[in-house]
A.B. asks: 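Mind having a look at this structure? Questions to follow.
Sequence lines set the chain letters: A, B, ... in the order given, protein chains first and strands last, and positions in each chain run from 1. What you see below is based on every heavy atom in this structure, not just the backbone, and it leaves out hydrogens, waters and symmetry mates.
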Protein chains: 2
Amino acid sequence: MARASGCSVATVSRVLAGTRPVGPEIARRVREAAESLGYRPNQVARALRSRSTGTIGLVLPQITNPFFPSLVREVEHALHAEGRAVLLADCDDDPTIEAARITALLDRQVDALLVIPVDERHSRAAVAAAVAQVPLVLLDRGCGPGIADSVATDNTVGMTLVLDHLAATGRRRPCFIGAAGTDSAAVERLAAYEAGAGALDPEAPGRVELGDFSLEWGRAAVDRILPSRPDAVVCANDLIAVGALQRLRQLGVDVPGEIAVTGFDDIPMADLADPALTTVRQPVRELAAEAAHLLGHRLAEQKDGPRRSVRLAPELVVRASSAPRAASAPDPGTTRTAEEDQ
Amino acid sequence: MARASGCSVATVSRVLAGTRPVGPEIARRVREAAESLGYRPNQVARALRSRSTGTIGLVLPQITNPFFPSLVREVEHALHAEGRAVLLADCDDDPTIEAARITALLDRQVDALLVIPVDERHSRAAVAAAVAQVPLVLLDRGCGPGIADSVATDNTVGMTLVLDHLAATGRRRPCFIGAAGTDSAAVERLAAYEAGAGALDPEAPGRVELGDFSLEWGRAAVDRILPSRPDAVVCANDLIAVGALQRLRQLGVDVPGEIAVTGFDDIPMADLADPALTTVRQPVRELAAEAAHLLGHRLAEQKDGPRRSVRLAPELVVRASSAPRAASAPDPGTTRTAEEDQ
DNA sequence: GTGAAAGCGCTAACAC
DNA sequence: GTGTTAGCGCTTTCAC
């Protein structure tokens with residue numbers, strides 16, 4: 001390669017990396033030679049020398065969780081646009097596996113880590129250890145206070161959007177089906193419901209059932225919540241909401257005629273449920289972009305800036321499951337977004 | 001590290017890699033030193049020297065396609081179990097992006113590539129170019145004849161299972177909603193339907209509507225197929241089937257009372273549809289394991305063995321959407337698998 | 001069985 | 001501006 005262009009390897013390196021100015025004539029020769037020889041620089045050697053692999057580790061609980069694929073997609077695209085590559089680690093929802101995967105990624109000299117922790121508490125040690133070695137940003141879920149940079153959806157805003165919408169469409173007796181976990185999604189969504197539901201009905205903050213983030217729990221919780229005669233079921237995520245929808249249908253309850261149902265996340269299934277589910281759409285692309293930005297910042301600047309915690313506001317997606325009682329349920333194919341409401 | 005254990009770097013390398021016999025006493029000292037220093041070998045340097053990164057590129061059309069997350073999960077776990085890591089490349093269903101991603105992975109010196117091609121025809125050039133550089137196995141979808149090793153589900157077996165099941169449960173007027181593409185899934189599933197449906201009804205092979213693999217097409221196709229008064233709608237994948245289910249419900253058609261509906265793939269949504277969808281479950285774990293095995297084979301043996309093409313038989317999952325007409329629709333939560341039928 | 005030394009392909013000092 | 005040279009951290013001959 002150096003021979004072919006009639007100059008030294010150093011010059012070749014400079015032309016390709018653009019590190020230092022090079023004469024226009026010789027630069028052209030180098031580029032031509034690279035072209036005709038089909039030369040591709042070896043990223044491994046480059047990484048060894050420059051101590052930077054251009055590789056980011058993405059650690060997530062379970063790729064089969066329906067909320068993650070779109071997030072992974074956006075992260076992959078955002079990072080690739082910066083010329084970085086993504087090493088994927090699926091943890092099977094197990095903090096032990098998570099710790100092992102993080103170690104494996106660190107051994108491979110990833111430049112940084114993007115972690116969606118499995119568990120608020122049990123992931124902390126592994127994350128803390130990793131933070132000491134490379135820039136790390138927590139995505140979507142927290143992992144203890146101020147342990148690392150983090151990017152997540154603002155759950156409080158989301159829940160407020162839901163409650164405001166229910167109030168505006170005439171619902172007065174909401175209830176909440178949530179999750180008992182200690183993670184930010186469970187805690188913040190519950191807190192926001194309790195804080196906001198009182199405006200609709202002083203009793204509403206008390207109508208709460210806590211289980212986990214599953215379809216099964218959604219189905220089971222309906223039976224426990226129904227005796228309180230709610231006119232709206234606010235669910236902590238879409239899985240719970242779809243489960244609730246299934247059980248309500250089974251019991252012959254009219255949604256949205258008798259009861260409105262809302263979810264959170266806007267997973268693909270939300271649009272396909274019958275009736276289509278009103279929910280809160282997380283700003284997935286922006287979450288990914290912000291995470292990539294934070295990583296870039298940590299990689300460029302000195303490693304010791306103050307911890308940043310970014311919260312992004314979600315968007316309400318109004319669908320059939322919360323249509324006002326006056327109107328009959330519209331065609332399931334029809335959806336309106338928050339913008340269109342304005 | 002060499003200093004700490006009082007021997008040479010070569011010996012340290014030998015102990016840790018187990019390449020050559022080392023005296024037991026000194027081996028112990030090395031291991032102790034490694035332990036106490038928290039020594040982790042630098043995989044990048046190792047890769048540069050040994051010309052093997054232990055990294056596999058996984059290239060797929062779109063992680064948001066509901067069939068892929070479980071496949072990605074199994075691939076990741078199978079590969080990680082062998083000490084390899086997965087570089088993920090999402091192609092946004094675009095062959096141009098696919099080609100770019102493949103090049104980027106090759107530049108990073110992946111040991112091999114696992115590719116789910118975007119398009120039977122338009123992915124061929126990029127795949128062929130990659131095959132010349134590293135071991136490559138095609139997963140789930142083909143990409144022209146004999147271009148590389150491949151692992152996929154046996155679509156013919158799957159469709160036969162469906163038709164046999166429909167025959168056994170008393171259906172006599174099946175029809176088919178498929179896709180017009182040239183990919184193996186579209187072609188083989190259609191061919192298998194046409195070959196097998198004649199046994200139920202000589203007219204059946206002619207009752208075919210071809211569109212794409214989408215929910216929307218499933219909805220639209222129902223209107224075109226209904227005039228032929230079918231008692232079973234065989235769909236080329238689950239997305240089509242769920243769309244068909246939605247439209248049939250909208251039209252007030254009783255499923256499975258009047259018409260049975262079947263899908264293909266067993267995506268998560270299949271179990272959640274109402275009624276739950278009878279479908280063909282692809283052997284995802286085995287697909288991933290076989291792909292990993294093939295890769296291992298190519299990496300270990302000489303690169304020029306004969307091309308291998310592995311087809312794995314899928315499994316029928318019987319749910320409510322194809323229940324015999326005599327019985328009323330069972331509880332949506334109840335599912336039976338093919339094994340339980342035997 | 002163990003150590004010394006030569007590189008893997010590249011980049012970054014340092015001369016010129 | 002450009003060439004020369006010394007490594008990045010490891011594995012692997014090759015001597016002993």
A.B. asks: Could you pull out all donor-acceptor pairs under 3.5 Å where a side-chain atom in residues 11-21 of chain A meets a protein atom, sequence neighbours excluded?
C.D. replies:
| from | atom 1 | to | atom 2 | distance (Å) |
| --- | --- | --- | --- | --- |
| A/Thr11 | OG1 | A/Ser8 | OG | 3.1 |

A.B. asks: Provide the start and end nucleotides, 5' to 3', of the part of DNA chain C that has atoms under 4.0 Å from heavy atoms of chain A.
C.D. replies: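 Endpoints of the contacted stretch of DNA chain C: C/dG9 to C/dA13.
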A.B. asks: Residues two or more places apart in sequence or in another chain: which of them pass salt bridge (charged side-chain N to carboxylate O under 4.0 Å, His left out) with A/Glu74?
C.D. replies: A/Arg285
A.B. asks: Would you say the side-chain atoms of B/Asn65 pair up with the backbone N or O of B/Phe67, donor to acceptor, closer than 3.5 Å?
C.D. replies: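 Looks like yes, one N/O pair under 3.5 Å.
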A.B. asks: Using a 4.0 Å cut-off on heavy atoms, which residues in residues 102-109 of chain A reach DNA chain C? List them by number, or say none.
C.D. replies: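 By residue number: none to list.
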A.B. asks: Run through A/Leu138, A/Leu136, A/Asp149, A/Val137 and flag the one making a side chain to side chain contact (heavy atoms under 4.5 Å, CB included) with A/Val131.
C.D. replies: A/Leu136
A.B. asks: Can you sort out which residues in residues 10-30 of chain A have a heavy atom within less than 4.0 Å of DNA chain D? Ascending by number, please.
C.D. replies: A/Ala10, A/Thr11, A/Arg14, A/Val22, A/Gly23, A/Ile26
A.B. asks: Can you run down the salt bridge (Lys or Arg N to Asp or Glu O under 4.0 Å) pairs that involve residues 127-148 of chain A, sequence neighbours left out, and say none if there aren't any?
C.D. replies: none
A.B. asks: Give me the one residue out of B/Val110, B/Leu79, B/Leu105 that meets side chain to side chain contact (heavy atoms under 4.5 Å, CB included) with B/Thr55.
C.D. replies: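 With B/Thr55 as partner, B/Val110, B/Leu79, B/Leu105 yield a single side chain to side chain contact (heavy atoms under 4.5 Å, CB included), made by B/Val110.
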A.B. asks: Take a 6.0 Å sphere around CZ of A/Arg121 and say whether it holds more than 12 heavy atoms from other residues, nucleotides or ligands.
C.D. replies: no
A.B. asks: Check for a donor-acceptor pair, side chain of A/Arg311 on one end and backbone N or O of A/Thr153 on the other, with a separation under 3.5 Å.
C.D. replies: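 Pair found, side chain donor or acceptor close to backbone of A/Thr153.
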A.B. asks: Residues two or more places apart in sequence or in another chain: which of them pass salt bridge (charged side-chain N to carboxylate O under 4.0 Å, His left out) with A/Arg49?
C.D. replies: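 For A/Arg49, no residue satisfies salt bridge (charged side-chain N to carboxylate O under 4.0 Å, His left out) once neighbours in sequence are set aside.
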A.B. asks: Step through the shown structure and confirm whether more than 12 heavy atoms of other residues, nucleotides or ligands are within 6.0 Å of CD on B/Glu35.
C.D. replies: no
A.B. asks: Please check: side-chain N/O of A/Ser123 versus main-chain N/O of A/Val118, any donor-acceptor pairing under 3.5 Å?
C.D. replies: yes
A.B. asks: Do the side chain of A/Arg108 and the main chain of B/Gly54 share a donor and acceptor less than 3.5 angstrom apart?
C.D. replies: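 The answer is yes, because a donor-acceptor pair under 3.5 Å joins these two groups.
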A.B. asks: Test of understanding: with salt bridge (charged side-chain N to carboxylate O under 4.0 Å, His left out), list the residues that count as partners of A/Glu76, not counting sequence neighbours.
C.D. replies: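 Here the qualifying residues are B/Arg101.
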A.B. asks: Take the C1' atoms of the five end pairs on each side of the helix from C/dG1-D/dC16 to C/dC16-D/dG1, derive the two axes, and give their angle rounded to 10 degrees.
C.D. replies: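 What I find for the helix from C/dG1-D/dC16 to C/dC16-D/dG1 is an axis angle of 40°.
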A.B. asks: Which residues, if any, of residues 45-54 of chain A bring a heavy atom under 4.0 Å of DNA chain D?
C.D. replies: A/Leu48, A/Arg49, A/Arg51
A.B. asks: With a 4.0 angstrom cut-off to heavy atoms of chain A, pull out the first and last contacting nucleotide of DNA chain D, in 5'-to-3' order.
C.D. replies: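 The contact span of chain A on DNA chain D goes from D/dG1 to D/dG9.
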A.B. asks: Is the side chain of A/Asp93 donor-acceptor paired with the backbone N or O of A/Gln62 at a distance under 3.5 Å, no angle test?
C.D. replies: no
A.B. asks: Salt bridge (charged side-chain N to carboxylate O under 4.0 Å, His left out) with B/Asp92: which residues, sequence neighbours excluded?
C.D. replies: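 B/Asp92: salt bridge (charged side-chain N to carboxylate O under 4.0 Å, His left out) contacts with A/Arg73.
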A.B. asks: Is the shortest heavy-atom distance from the side chain of B/Thr64 to the side chain of A/Pro268 under 4.5 Å?
C.D. replies: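 Side-chain contact under 4.5 Å: no.
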A.B. asks: Kindly indicate whether the side chain of B/Val115, heavy atoms from C-beta on, has any atom under 4.5 Å from the side chain of B/Glu98.
C.D. replies: yes
